[in-house]
Visitor: 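Take a look at this one; I'll ask things after.
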Protein chains: 2
Amino acid sequence: MARTKEFNEDQALDKAIEIFWHKGYNGTSAQDLVTHLGLSRSSLYDTFGDKQKLFAQSLQRYQKNAQNQIIDLLEQSDNIKETLKEIFKQAVIESLEDRITKGCFMVNSSVELAMHDEEIAKIVKNNSQIMEDVFTKAVQKGQDAGHISKVNSATVLARFIFNTYSGIRVLARTGEKDKQVYDDIIKAMFSIL
Amino acid sequence: MARTKEFNEDQALDKAIEIFWHKGYNGTSAQDLVTHLGLSRSSLYDTFGDKQKLFAQSLQRYQKNAQNQIIDLLEQSDNIKETLKEIFKQAVIESLEDRITKGCFMVNSSVELAMHDEEIAKIVKNNSQIMEDVFTKAVQKGQDAGHISKVNSATVLARFIFNTYSGIRVLARTGEKDKQVYDDIIKAMFSIL
DNA sequence: CTAATTCAGGAACGATTGTTCCGTATTTTT
DNA sequence: AAAAATACGGAACAATCGTTCCTGAATTAG
């Protein structure tokens, strides 16, 4: 009946994530997308609708990936505190390596768009909710195992951890390359876990 | 020799701060500026140069104000821990009251522009440096007075406090209106001071 | 092979972007 | 009062914005 797509839709989405992440929504033009995704304007619009829809799909895909990564690590962990240390260590490595300083796509998007675009706001809130739940369960597990202090409740610590994570991602976006700054923040954070 | 300006330059800058803060740099058009500042295109360009320069001046002015406010509070304080609590309490109030959820102009700008505009990057880094210094001195004072724990160094705590502050401002920008979330984060933070 | 389908490429759309320029009005100094 | 200087408003600029549409090539099913 018809010819098959010459490009992989998910691969195109990954390219879209890259450029939106780097330049933001308003900073990325249709031409940028055409050039970076390597497909024609018509294919782009036929496949993804419009710029806003493409952005939303990109952010969704990013969220699922990032989320699953953390969920897997925490669920398979038998020492939550150590796993959290690994997660933050990884965030620092990414921040320092990041030659084009992208920060976190979710944080960037919420700052730029959450208040102007309801669909993006929903994605962001959904992400926050899921992350809070995941961290809460993980902290609870850590507290039960005696690896994490019970001075503060699991919910309090979960929200606190997620907030520190956001802050670090903003710091990365500003281009901070001094590892000591990240390490200090993380050291302080872990002193209450 | 010449007629005098019919508008107050600082008042115009305050208007510019408002709209840039709300809509971001790329999200604010020249027409938005003309409408919101209430002066003509020519006056705007004659006075402030161009959009980028106007933005930079707005951010500079915002920084000076926000900075002085915190410096004054901390320098006059005789109980740093309590003063810090006041500062964070105020940030929460602003976040909850904020009907158009603007977050922090400095945080928003660093996320959107720091990596694409060297001048903005400089302003952001300068701000971070000053804030770190101010917080470090304040924490030191608090530690000397016995109000703040000496388990972590003043620099570590200063960076940590500033990072938590950034995170909270991002949270505000996402439109979070649940006071409990802010209070939990702050509670956790203060448990190590 | 033919017909049906959908691809890719690029021209072209009107709208909006940031910016410039010009004529007029207004004010201040000489 | 005259002249110099500058603010003002708005028209107009080229460039770019996101998007649509048209053309022809490519692929698959019957």
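Lettering of chains follows the sequences in order, A, B, ..., and the numbering in each one begins at 1.
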Visitor: From D/dC8, C/dT20, D/dC21, pick the nucleotide closest to the side chain of A/S42?
Guide: D/dC21
Visitor: Whole angstrom is fine here: how far is it from CG in A/L44 over to C1' in C/dT6?
Guide: 16 Å
Visitor: In whole angstrom, give the distance that lies between atom NZ of A/K53 and atom P of D/dT19.
Guide: 9 Å
Visitor: Report the distance from atom OH of B/Y45 to atom P of D/dA7, rounded to the nearest whole Å.
Guide: 17 Å
Visitor: Using a 4.0 Å heavy-atom cut-off across all strands, classify B/D46 as base, sugar-phosphate, or nothing.
Guide: nothing
Visitor: Would you mind reading off the distance between A/Q31 atom CD and D/dT19 atom P, rounded to a whole angstrom?
Guide: 14 Å
Visitor: Separation of B/L39 atom CG from D/dT6 atom C1', in whole Å?
Guide: 15 Å
Visitor: For A/F55, which of A/F105, A/Y62, A/W21 qualifies under ring pair (Phe, Tyr, Trp, His ring centres under 6.0 Å)?
Guide: A/F105
Visitor: Without decimals, in angstroms, what is the distance between A/K23 NZ and D/dG18 C1'?
Guide: 15 Å
Visitor: Can you identify which nucleotide, out of C/dA8, D/dA11, D/dG18, has its nearest atom closest to the B/R41 side chain?
Guide: D/dA11
Visitor: Just how far, in rounded Å, is P of D/dT16 from CG of A/L33?
Guide: 17 Å
Visitor: Would you mind reading off the distance between A/Q52 atom CD and D/dT19 atom C1', rounded to a whole angstrom?
Guide: 14 Å
Visitor: Taking the six-membered ring of A/F190 (Phe, Tyr or Trp), confirm whether the NZ or CZ of A/K81 is under 6.0 Å from its centre and within 45° of its axis.
Guide: no
Visitor: Does the plane of the ring in A/Y25 sit parallel, tilted or perpendicular to the ring in A/F20? Use 30° and 60° as the thresholds.
Guide: parallel
Visitor: Establish, with yes or no, whether the OP1 or OP2 oxygen of D/dC8 is under 4.0 angstrom from a side-chain nitrogen or oxygen of B/S43.
Guide: yes
Visitor: Does C/dT17 have OP1 or OP2 under 4.0 Å away from a side-chain N or O of B/S29?
Guide: yes
Visitor: Within the distance-only criterion (no hydrogens, no angle test), does the side chain of A/N68 pair as donor or acceptor with the backbone N or O of A/K64 below 3.5 angstrom?
Guide: yes
